[in-house]
Amino acid sequence: MALLPIYTAPDPLLKAISRPVEEVTADIRKLVDNMLETMYDAPGIGLAAIQVGVPKRLLVLDIVGKDRDEMPAPMTLINPEITWVSDHDETYEEGCLSLPEHYADVVRPAEIDVNFLDVDGKRQKLRAEGLLSTCIQHEIDHLDGILFVDHISALKRNMILRKLLKLKKLAS
Ligand code: GNR
Ligand code: NI
């Protein structure tokens with residue numbers, strides 16, 4: 001296993017539209033293992049492949065194992081598709097490993113149905129609510145080149161992006 005580098009904004013890569021996974025191969029499962037290791041190490045509760053520079057429609061998440069004393073419960077969603085969203089919304093304060101140390105309230109549908117392939121290439125269907133619903137929507141956004149700051153006011157978005165750009169310039 002290996003830790004992968006996490007790309008941070010602003011970076012044009014994070015705006016890429018990821019392509020569907022054609023077949024769940026051994027290479028894909030290896031990528032999944034490395035993404036899970038990278039996510040737990042960060043630590044984060046989700047990670048999309050594009051965040052580690054791979055433009056494939058694939059994400060991992062674990063909203064349970066974030067508390068150190070709980071058993072890890074890793075999930076992998078390949079080619080996920082939201083097939084239904086609830087009428088009612090929910091607001092969560094979101095963070096993103098690609099926008100380090102910035103947080104903002106984001107409004108999204110409270111509940112969703114999502115179809116996806118698991119690591120065995122089997123079709124699965126899931127109804128999600130609460131933090132799981134938020135996290136899946138946040139990760140699927142990444143596959144379409146969208147960051148949580150794209151859901152907030154331009155004022156707050158530009159403030160965050162400007163700060164991150166300044167940090168990059170200082171580090172280079
Ligand atoms: O670690 C993460 N925490 C989080 C908190 C609220 C809503 C979404 C997330 S996902 C984020 C990890 C990440 O950047 N995934 O793309
Ligand atoms: Ni993110």
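Remember, it's 1-based here, ligands and their atoms both numbered in the order they're listed. FYI, side chains are in, hydrogens and waters are out, and symmetry mates aren't considered; it's all heavy atoms of this structure.
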Worksheet entry | Nearest-option assignment for atom 1 (O) of ligand 1, heavy atoms, candidates T134, D62, L14, I45 | I45

Response to the item:
In ligand 1, the atoms that come under 4.0 Å of a heavy atom of E93 are 6 (C)

Nearest non-hydrogen protein atom, [atom]:
atom	result
atom 10 (S) of ligand 1	E139 OE2, 3.6 Å
atom 11 (C) of ligand 1	G95 O, 3.6 Å
atom 12 (C) of ligand 1	G46 O, 3.2 Å
atom 8 (C) of ligand 1	H138 ND1, 3.5 Å
atom 7 (C) of ligand 1	E94 CG, 3.5 Å
atom 14 (O) of ligand 1	L97 N, 2.8 Å

Item to complete: May I ask you to decide whether E94 forms a salt bridge with R108, counting only side-chain N to carboxylate O separations under 4.0 Å?
Response: yes

Discussion item. Regarding R29 and D120, does a basic nitrogen lie under 4.0 Å from an acidic carboxylate oxygen?
Written reply: no

To the nearest 0.5 Å, how far apart are [atom1] in [X] and [atom2] in [Y]?
X	Y	atom1	atom2	result
I50	K15	CD1	NZ	13.0 Å
D33	T38	CG	OG1	10.5 Å
K156	H151	NZ	NE2	14.0 Å

Item to complete: Return yes or no for this condition: an N or O of S98 is under 3.5 Å from an N or O of ligand 1.
Response: no

Worksheet item: Would you call K168 and D11 a side-chain contact if the rule is heavy atoms closer than 4.5 Å?
Response: yes

Worksheet item: Side-chain contact, heavy-atom cut-off 4.5 Å: D144 with R57?
Response: yes

Discussion item. Tell me the angle that NE2 of H138 and NE2 of H142 form around the Ni ion (ligand 2), rounded to 10°.
Written reply: 100°

Discussion item. Under 4.0 Å, counting heavy atoms only: does M39 come that close to any atom of ligand 1?
Written reply: no

